[in-house]
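Okay, so here's the structure we're looking at.
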Amino acid sequence: MITGKIVGLGSYLPPKIMTNDDLAQIVETNDEWITERTGIKRRHVADGIEDKSSTMACKAAKAAVEDAGIDPTEIDLIVVASTTPDLVFPELSVCVQGAVGASENCACFDVNSACPGFIAAYNTAQGFIESGNSKCALVIGAECLTNYVDWEDRGTCILFGDGAGCAVLKATEVDASEKNSFIMRSSLSRGTCLHCENMKQPKRFEEEGFLKSTNMFMAGRDVFRFVVTEIPQLVEDLSNKYGFDINDVDHFVFHQANLRIIEATAKKLQIPLEKFPLTIADTGNISSASIPVLLTQMKKEGQLKKGDKIVMSSFGGGLTWGANYFVF
Ligand code: ACO
């Protein structure tokens with residue numbers, strides 16, 4: 001059977017770094033509180049001029065194409081996940097098409113599934129590949145959440161950072177045990193704990209305080225409780241549905257939202273924390289970019305070997321949550 005194998009990875013993080021001490025100049029907080037509650041020490045922040053979701057997506061894609069060593073004209077599909085596109089159109093995926101030099105025979109579209117956006121984009125690309133409609137795809141997560149957070153809300157603004165990551169998938173003949181397997185779930189009724197209106201709303205100049213209401217709202221404790229209940233359950237459901245043993249998994253590549261969430265998930269699944277690679281201290285939560293940025297770091301550090309069994313999982317606004325099992 002055919003599946004998309006990851007043959008290249010790349011990421012881009014903007015050069016400006018905001019430390020916890022920098023944040024303490026903006027809101028009443030401190031390094032000790034942030035480190036203890038989240039594991040975050042610093043995050044990269046886009047300047048909104050050189051670095052926006054579109055430009056960061058292009059830079060990550062170029063790095064991944066170079067890593068894969070492919071001819072850009074081979075690329076026949078580009079899917080970008082972003083909750084924070086700086087452009088409504090052209091789509092970020094079309095910006096990437098131009099930047100990497102892909103041909104006009106390349107299908108391009110964007111998806112939004114909040115933090116699990118990379119998982120949604122990855123599975124969509126896999127569907128194109130498995131059905132024979134694509135042979136070489138770029139799957140990207142690109143985010144500029146710092147543009148949307150409420151910088152007066154110390155419970156939220158400390159969590160987020162900006163960046164982008166990209167995986168190159170190539171159609172590869174594999175046996176059934178190496179097929180991409182996934183479960184994706186969502187719940188509007190449980191989503192009131194996390195929402196963010198779009199910046200461009202009608203009547204925004206007429207109603208006082210309207211722009212303020214567009215900032216992100218998060219009831220952190222509710223999100224935390226949801227994640228530490230649903231994500232371990234999802235991973236168990238995935239292993240039961242597709243018949244793999246979670247103890248045989250080499251890497252749990254999880255959305256980097258909070259170190260405590262990852263620790264609680266590892267504990268519930270009874271998996272050693274060492275199997276959960278981390279970027280959280282240096283990136284904060286970069287939403288849909290967090291998994292491809294983490295995969296890129298793992299590859300650079302020599303942690304990824306052909307044949308490694310991987311579970312990736314993410315959760316976020318919607319609420320939406322999902323998990324994949326695949327063989328690298
Ligand atoms: N610095 C200092 N004190 C703070 C800060 C801060 N940055 N933020 C909150 N506090 C205070 C609160 O005011 C509160 O004070 P009080 O007890 O005097 O009222 C106290 O600390 C505890 O606040 P909580 O919000 O209950 O703190 P909690 O332990 O829950 O940690 C956190 C907050 C880190 C946000 C946590 O709930 C969390 O990580 N939740 C999950 C968030 C998440 O992962 N979101 C991912 C999805 S995001 C997406 O998809 C876009």
Side-chain angles (χ1 to χ4, degrees), residues 18-43 53 81-85 111-121 141-163 184-188 190-199 214-232 234 254-265 276 278-281 283-291 293-294 313-323:
M18 188 181 262
T19 64
N20 292 345
D21 288 337
D22 295 332
L23 269 167
Q25 309 292 315
I26 302 172
V27 285
E28 201 183 325
T29 189
N30 56 71
D31 176 52
E32 194 188 349
W33 193 98
I34 300 172
T35 305
E36 193 183 297
R37 303 282 175 127
T38 71
I40 299 166
K41 297 297 281 182
R42 57 195 75 80
R43 68 287 290 143
S53 294
S82 184
T83 309
T84 54
V111 300
N112 173 4
S113 185
C115 298
F118 182 77
I119 286 189
E143 301 284 4
C144 192
L145 260 301
T146 61
N147 223 7
Y148 287 76
V149 292
D150 181 348
W151 288 98
E152 290 174 1
D153 176 6
R154 65 180 180 170
T156 307
C157 70
I158 55 145
L159 297 173
F160 295 97
D162 303 328
M184 290 168 67
R185 293 181 175 148
S186 43
S187 169
L188 176 65
R190 293 163 73 185
T192 47
C193 59
L194 188 56
H195 58 85
C196 183
E197 290 167 31
N198 196 293
M199 298 290 259
T214 64
N215 290 325
M216 184 189 298
F217 168 81
M218 186 181 73
R221 289 212 157 186
D222 294 344
V223 177
F224 195 99
R225 263 194 296 272
F226 150 73
V227 178
V228 298
T229 309
E230 292 298 346
I231 294 300
L234 183 67
F254 274 34
H255 176 38
Q256 305 285 296
N258 183 323
L259 180 60
R260 279 163 58 219
I261 287 178
I262 293 170
E263 287 171 344
T265 306
F276 291 73
L278 301 168
T279 62
I280 181 82
T283 60
N285 179 346
I286 40 176
S287 191
S288 71
S290 89
I291 287 180
V293 167
L294 177 55
S313 181
S314 186
F315 50 86
L319 298 170
T320 48
W321 61 111

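Counting starts at 1 for both ligands and their atoms, in listed order. Below, all heavy atoms of this structure are taken into account, side chains as well, without hydrogens, waters or symmetry copies.
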Inset, instruction - Please name all residues satisfying salt bridge (charged side-chain N to carboxylate O under 4.0 Å, His left out) with Asp31, sequence neighbours left out, ordered by chain then number. - result: Lys41
Legend entry - Steps toward side chain to side chain contact (heavy atoms under 4.5 Å, CB included) verdict (Glu143, Ser82): CA-CA 6 Å; Glu143 301 284 4; Ser82 184; 3.7 Å; yes
Inset, instruction - Please assess Arg154 against Leu23 for the test side chain to side chain contact (heavy atoms under 4.5 Å, CB included), listing each intermediate value before the final yes or no. - result: CA-CA 9 Å; Arg154 65 180 180 170; Leu23 269 167; over 6 Å; no
Legend entry - Proximal protein residues to ligand 1, non-hydrogen atoms under 4.0 angstrom: Glu28, Thr29, Trp33, Arg37, Thr38, Cys115, Arg154, Gly155, Ile158, Phe160, Leu194, Met218, Gly220, Arg221, Val223, Phe224, Ala257, Asn258, Arg260, Ile261, Asn285, Phe315, Gly316, Gly317
Inset, instruction - Check the pair Cys193 / Leu319 against side chain to side chain contact (heavy atoms under 4.5 Å, CB included), numbers first and verdict last. - result: CA-CA 9 Å; Cys193 59; Leu319 298 170; 4.1 Å; yes
Legend entry - Listed partners of Asn258 passing side-chain contact (heavy atoms from CB on, under 4.5 Å), at least two apart: Thr38, Phe224, Arg260, Ile261
Inset, instruction - Using the test salt bridge (charged side-chain N to carboxylate O under 4.0 Å, His left out), find all partners of Arg225 that sit at least two apart in sequence or belong to another chain. - result: Asp222
